[in-house]
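The chains referred to below are lettered A, B, ... by the order of the sequence lines, with proteins before strands, and numbering in each begins at 1. Excluded from the calculations below are hydrogen atoms, water molecules and symmetry mates; all remaining heavy atoms, backbone and side chain alike, are included.
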Amino acid sequence: MPLLRNGALSDDEWQRVADDAASLPAGAAVIVSFTRFRAERETLLARNAPMGVLLKNIDPVEELGPDGARFALIALEFPKFSDGRAYSQARLLRERYGFTGELRATGQVLPDQLHHMRRCGFDAFELAKGEPLEAWRRALHTFTAVYQPTGDGRIPVSALRRRLFAAAAD
Amino acid sequence: MYRYDEYDHAFVAERVAQFRDQVRRRLAGELTEDEFKPLRLQNGLYLQLHAYMLRIAIPYGTLSSKQFRMLAHIARRYDRGYGHFTTRQNLQFNWIRLEDAPDALADLAKVEMHAIQTSGNCIRNVTADHWAGVAIDEIEDPRIWCEIIRQWSTVHPEFSFLPRKFKIAVTGSPNDRAAVRVHDIGLRMLRDEQGEPGFEVIVGGGLGRTPMIGKTIRAFLPKQDLLSYLEAIMRVYNRYGRRDNIYKARIKILVHEIGAEEMRRQVEEEWEQIRGGALDLPQDVIDGIARHFAPPPYQVQPVFAPETERLRFEDRDFALWLRSNVVPHRQPGYAIVNLSLKPEGAPPGDSSAAQMDAVADLADAYSFGEIRVTHEQNLVLPHVAVADLPAVWRGLVRIGFATPNLGLVSDIIACPGLDYCALANARAIPVAQRISTRFADLARQHDIGELKIKISGCINACGHHHVGHIGILGVDKNGTEFYQITLGGHAGDDVSLGSIVGPAVPADQVVEAIESLVDTYLKERRDGERFLDTYRRVGTAPFKERLYAPA
């Protein structure tokens, strides 16, 4: 599945491991399910290789959050593009639990959701279908003005206006 | 009135460009209808029974004469020369071609309008008291808060794919004219013990197939915390609202299932984490928005205008119109003029392009260029000098918007029903037309007094029948239209949901049924009682007895 990072297609060094796979490939970057992480937390965190975890959108980020820093990657799932729960999970991981690793969107990921996903903190996208890369590139620059403060660092319109008022008052 | 700045202009232009590209991809087959649907819905484009319908946002029901003329232009250019005002203060065009939709939206953008989030599972156009800024009982203009909410909710990255649609209403007066207790979130302005204005926060109200009255989860919210508190509510809903069943996905079901107390606990817990942060509203930001809603430059006007008084005595129609359609304004010498879009026998809420242009002209001449849309499918000229009332009335008579029936039996709310809507089970508009024709005698209407009839063509309740003093719900019985009647609903501060009076009646007996209910009221009423008061005193029994009595 094509992977979009930093506006370009990228190789995916991560392997997903099924819950019933007995052993993890040594030294490899793997993504396990949250269920497996819960069951084997100590062993997995002791592993000497990059760890990733996949949360379903009913998995509680509050439980994972404090361990977030131990992961190099957290993947969140969009079972359907119309199911928006992962947007809240993403913001909580970034803004409340300070997760700084790769936050990956997986499932039905479409260009028209890219703006929302990036604003909520996603920075890697498993592309669901063969849209031309151009469509994805365009989607990166949909809106120059944003109205909400989120953890993505973009300055919302209300703050830009305050600066204008302040400059005018000087 | 709110005016776009460079940021707003840029945003709406980009939104039009984005949608133009999405339409192009859909027409080229790059997007499936499933993928396109939520995109077009969030741009106000529905697929109806016969054609696409474009629902245009009229934020908190306020618009300028220039904007109104653009709506007339769109009606002529892209539709069949008329539009339909809705119960959410929006305007719908019922005959739009998909290919034309981006051009229509580009035309709207020229006058600072859009159709963003008038549909779809997102935060919808925020509604307000249609007398905002001019009502005598107002604490603060609710449009300031609606505009702040509008901006915050526009393409909100976290809350654009909610379990279901989400409607917020704000009233700035203790007398609720925005039906805040039957919205997903209702905000009711009030003062705390120090006299400081803030909000009562009501969550989980709604109509539809499971009508519920909202629960107050916070008795007083300081103004600067408004957005952080809303974000906390939305986050709880986005995470825990049901997604397994479309009919149980509204926030009212979540509140009902976990209970108001638990809802409050979860919201407050989330809020504790985010309050005082980036969503905090500093006073200068509030002031910056509030400046847009400063009163127009009123002139010193006589409170008593001889020409107006003369006409009141000489012309019965004008006197009736003053009584029902004109209400006091907070500025001495001015009045609020309500336009009735419910002329005898016409579809409720429809306006032709010519009527729109004429209203825009009247607004320019007599109301500082400002017009309001009400959730009862009427219009308002909010600032008319008392001395200008005769001229305004004559202008309205000319275009058929001066029927003196505001709040009376023929001021009916009706959803589009089976004439347009793909969801409907029965027609709604023709029922409204027949009732309005039956009760055409205006003196009789004034004698009957306040009586709100609301008609929905299916259980989704777009016609708000649950809160009609008389509610009429169209149902389908083996391919035949029947109508179930409810009594005693009310959308004001003393909100109540109607009770079913008995078995549904066939289409050809609805008008007789309404006549019977009105007769029962007239027989039972005591001095000064409105229909609702009488019903609340005597209950369903006498109405039912007479309605179902063998002929």
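Here B:Asp21 is the residue among B:Leu279, B:Asn121, B:Leu162, B:Asp21 with the most heavy-atom pairs under 4.5 Å with chain A. Ranked by heavy-atom pairs under 4.5 Å with chain B, the list A:Gln89, A:His115, A:Arg96 is led by A:Arg96. Most heavy-atom pairs under 4.5 Å with chain B, from the set A:Ala90, A:Ala139, A:Pro111, A:Cys120: that is A:Cys120. The greatest number of non-hydrogen atom pairs below 4.5 Å with chain B, out of A:Thr150, A:Val146, A:Leu160, is found for A:Leu160. The candidate from B:Gly288, B:Pro282, B:Pro163 with the greatest count of non-hydrogen atom pairs under 4.5 Å with chain A is B:Pro282. When each of B:Arg243, B:Gln18, B:Arg25 is scored by its heavy-atom pairs under 4.5 Å with chain A, the top score falls to B:Arg243. Per-residue heavy-atom pair counts under 4.5 Å with chain B were compared for A:Arg138, A:His141, A:Met117, and the maximum is reached by A:Arg138.
Residue pairs meeting the salt bridge (Lys or Arg N to Asp or Glu O under 4.0 Å) criterion with at least one member in residues 15-26 of chain A, sequence neighbours excluded, are A:Arg16-A:Glu126.
Looking at B:Arg15, the atoms closer than 4.5 Å to chain A (heavy atoms on both sides) sit in the backbone and in the side chain alike. Contact of B:Ala10 with chain A is made through the side chain alone, with heavy-atom distances under 4.5 Å. Residue contact with chain A, scored on non-hydrogen atoms closer than 4.5 Å, involves the backbone and the side chain of B:Arg239 alike. Of the two parts of A:Arg91, only the side chain, counted from C-beta on, holds a non-hydrogen atom closer than 4.5 Å to a non-hydrogen atom of chain B.
We find that B:Arg26 and B:Glu35 are not joined by a salt bridge, their nearest charged nitrogen and carboxylate oxygen being 4.0 Å or further apart. Ion pair B:Arg275/B:Glu268 not flagged as a salt bridge, since none of the NZ, NE, NH1 or NH2 atoms sits closer than 4.0 Å to an Asp/Glu carboxylate oxygen. Using a 4.0 Å cut-off between charged nitrogen and carboxylate oxygen, A:Arg118 and A:Asp152 do not count as a salt-bridge pair.
Residues satisfying the side-chain hydrogen bond (donor to acceptor under 3.5 Å, both in side chains) test with A:Tyr147, not counting sequence neighbours, are B:Asp8. The side-chain contact (heavy atoms from CB on, under 4.5 Å) check on B:Ser160 picks up A:His116, B:Gln42, with sequence neighbours excluded.
A ring-centre distance under 6.0 Å is not found for B:Tyr7 and A:Phe143. Taking the centre of each ring, A:Trp136 and A:Phe125 stay at or above the 6.0 Å mark.
Listed by sequence position, the residues of residues 35-57 of chain A in contact with chain B number zero, using a 4.5 angstrom heavy-atom cutoff.
At least one side-chain heavy atom of B:Leu105 sits less than 4.5 Å from a side-chain heavy atom of B:Leu54. B:Ile289 is not listed as a side-chain neighbour of B:Trp145, based on a closest heavy-atom distance of 4.5 Å or more.
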Are B:Glu269 and B:Gln266 close enough, and set up right, to give a side-chain contact (heavy atoms from CB on, under 4.5 Å), and what steps lead you there? CA-CA 5 Å; B:Glu269 187 178 287; B:Gln266 292 191 20; 5.7 Å; no
